[in-house]
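On a predicted model such as this, the values are computed, not experimentally measured, just so you know. For the numbers below, each heavy atom of this structure counts, side chains included, while hydrogens, waters and symmetry mates do not.
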Amino acid sequence: MKKNGLKTILTFISIALVLGLGWIINSFFGNPFSYLLASKTAETHLLITYPDTDYYIDHINYSFKDGNYHAFVQSPSSIDTHFSLSITMLGQLRLDTYDSVLRGFNTAGRLTHEYYVLTDTVFDDPSFPYDCHIALGQLEIYPEEVLQDPQLDIPSYAINQNELILDQLYDIHELGRQAGHLSIYIESDTVTVEEAASIMLDIKQCFDDAYVPFVAMDFTLQHPLPKEGPRPEETISVSQFPYDKIYSEGMLERVMQADKELKELYAKLDAMER
């Protein structure tokens, strides 16, 4: 009797362990049955919602973050047509992100990436004289509703995302001249306005020599992070510093004023949050 009772307990424990392990595997990796349901739902959705197109499902992934399957859709004839379908384990469609195609987000993302790659040709060049903590270029592109929001600090030169043309091959240099924005952080033992102004002038020359246009620069000169303790707070920073104001005559004064205005803005924002 005791042996039978012990056997029963062990059986229940084994079943519980198996079920628990199955639940963990299902939560993190999904399961073949749900994958088939997601595949069927995705294929049916494409046939019904996007008939007479060349859209196809490139691949389907399970995400343990939301417990859903994500079918990634592409088009061989359109570089900007790619979106995803979010599908539950029971095969129910939760989200279709095709709106990112219609509203120009994909086109904006493609162009921003092209400009990022273009600016990296300067930052990654062996002749570039600075080891930047952060160095990247981006295009300032925003949806129309963001551009029209008076509470947001959007650059006046920003491109209207709604006016972008799907699959249009733009001149990325021209877009950089129109809306290119550099963000650069450099570490130095010398953190002075003079050093910051000198480096900004030099960086502008590097970009001019490489024919990589930009409109404005965010630049911060800061101390290196020490092996122990926090980084010294002393910095020289400018935000949205215009390309056409980066020239030798009066540069020191312009950087000094821009740094002062940015620090005053940060102090004001900090005070509002308290």
Side-chain angles (χ1 to χ4, degrees), residues 53-59 61 70 72-84 96-148 152-186 199-200 202-220 238-246:
T53 67
D54 59 0
Y55 300 170
Y56 69 96
I57 299 172
D58 182 68
H59 62 282
N61 287 343
H70 299 271
F72 295 89
V73 182
Q74 294 188 6
S75 166
S77 62
S78 172
I79 56 177
D80 292 333
T81 299
H82 47 87
F83 57 99
S84 64
D96 179 341
T97 65
Y98 184 69
D99 188 57
S100 62
V101 179
L102 296 178
R103 298 185 61 200
F105 284 99
N106 290 358
T107 306
R110 168 172 61 87
L111 297 175
T112 296
H113 178 71
E114 288 181 10
Y115 184 68
Y116 171 84
V117 172
L118 181 64
T119 57
D120 263 7
T121 62
V122 179
F123 292 129
D124 294 340
D125 192 298
S127 65
F128 188 72
Y130 304 103
D131 184 14
C132 300
H133 180 62
I134 296 175
L136 59 89
Q138 65 183 34
L139 293 176
E140 297 285 0
I141 305 176
Y142 299 93
E144 187 168 355
E145 62 270 21
V146 175
L147 293 175
Q148 294 178 352
L152 298 178
D153 185 21
I154 304 299
S156 60
Y157 56 81
I159 295 173
N160 188 333
Q161 179 177 292
N162 298 63
E163 296 177 356
L164 295 176
I165 301 173
L166 187 73
D167 297 332
Q168 178 73 37
L169 298 180
Y170 290 88
D171 183 341
I172 201 65
H173 290 85
E174 185 57 37
L175 290 183
R177 184 176 291 104
Q178 179 182 347
H181 178 200
L182 305 182
S183 296
I184 303 170
Y185 282 67
I186 289 181
I199 294 175
M200 289 174 65
D202 198 20
I203 290 176
K204 178 191 176 185
Q205 189 62 55
C206 290
F207 273 77
D208 286 347
D209 291 343
Y211 180 48
V212 178
F214 66 92
V215 177
M217 177 193 298
D218 286 359
F219 179 84
T220 293
V238 300
S239 178
Q240 295 287 348
F241 200 92
Y243 169 90
D244 56 13
K245 288 189 177 182
I246 305 177

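Between Glu114 and Leu111, some side-chain heavy-atom pair lies under the 4.5 Å cut-off. Inter-residue side-chain proximity for Pro213 and Tyr243 is flagged as unmet; no heavy-atom pair is nearer than 4.5 Å. For the pair Asp58/His82, no side-chain contact is recorded, criterion being any heavy-atom separation below 4.5 Å from C-beta on. The shortest side-chain heavy-atom distance between Pro155 and Gln240 falls under the 4.5 Å cut-off. Annotation: side chain of Arg110 is in contact with side chain of Leu169 (closest heavy-atom distance under 4.5 Å). Residues Phe214 and Ile203 have side chains not in contact (no heavy-atom distance under 4.5 Å, counting atoms from C-beta outward). Within the 4.5 Å cutoff, the side chain of Tyr157 has heavy atoms near those of the His181 side chain.
Of the inter-residue distances, the one linking Tyr185 atom OH with Thr220 atom OG1 reads 4.0 Å to the nearest 0.5 angstrom. In this structure, Thr119 OG1 and Leu136 CG are separated by 7.0 Å, a value rounded to the nearest 0.5 Å. Here the CG-CG distance, from Leu164 to Asn106, works out to 11.0 Å after rounding to the nearest 0.5 Å. Atoms CD1 and CG, on Ile159 and Leu175 in that order, are 5.0 Å from each other to the nearest 0.5 Å. To the nearest 0.5 Å, atom CG of residue Leu102 and atom CG of residue Asn162 are 11.0 Å apart. Between the CD atom of Gln178 and the OH atom of Tyr170 there is a distance of 10.0 Å, given to the nearest 0.5 Å.
Heavy atoms only, all atoms of each residue included: Ser84 and Thr97 are closest at N-OG1, 2.8 Å. Residues Ala135 and Asp120 approach most closely at O-OD1, 4.3 Å, considering heavy atoms. Cys132 and Ile186 make their closest contact through SG-CG1, 3.9 Å (heavy atoms, listed as atom of the first residue, atom of the second, distance). For the residue pair Leu147 and Ala158, the shortest heavy atom distance occurs at CD2-CB, 3.9 Å. In plain terms, the two heavy atoms of Leu182 and Gly137 that are nearest each other are CD2-CA, 4.1 Å. In this structure, Asp167 and Asp80 approach most closely via the heavy-atom pair N-OD2, 2.7 Å.
Other residues, nucleotides and ligands place no more than 12 heavy atoms under 6.0 Å from the NZ atom of Lys245. The number of heavy-atom neighbours closer than 6.0 Å to NE2 of His113, taken from other residues, nucleotides and ligands shown, is 12 or below. The number of heavy atoms from other shown groups lying within 6.0 Å of OH (Tyr56) is above 12. Atom CG of Asp171 has more than 12 neighbouring heavy atoms from other residues, nucleotides or ligands inside a 6.0 Å radius.
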Practice task
Apply side chain to side chain contact (heavy atoms under 4.5 Å, CB included) to Ile184 and Tyr130, showing your working.
Solution key: CA-CA 10 Å; Ile184 303 170; Tyr130 304 103; over 6 Å; no

Practice task
Give the intermediate values and the outcome of ring-ring contact (aromatic ring centres under 6.0 Å, His included) for residues Phe219 and Phe241.
Solution key: CA-CA 8 Å; Phe219 179 84; Phe241 200 92; 9.5 Å; no

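In terms of modelled atom types and a separation under 3.5 Å, the side chain of Tyr142 and the main chain of Gln148 share no donor-acceptor contact. Not one N or O on the side chain of Asp218 forms a donor-acceptor pair closer than 3.5 Å with the backbone of Ser183.
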Listing, residues 121-129 side-chain donor-acceptor contacts under 3.5 Å, not counting sequence neighbours, or none:
residue	atom	partner	partner atom	Å
Thr121	OG1	Leu118	O	2.4
Asp125	OD1	Ser127	N	2.7
Asp125	OD1	Ser127	OG	2.6

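Applying the side chain to side chain contact (heavy atoms under 4.5 Å, CB included) rule to Arg103 yields the partners Asp99, Phe105, Pro143, Glu145; only residues at least two apart in sequence or on another chain are considered.
Between Tyr98 and Tyr55, the angle of the ring planes lies from 30° to 60°, which puts this pair in the tilted group.
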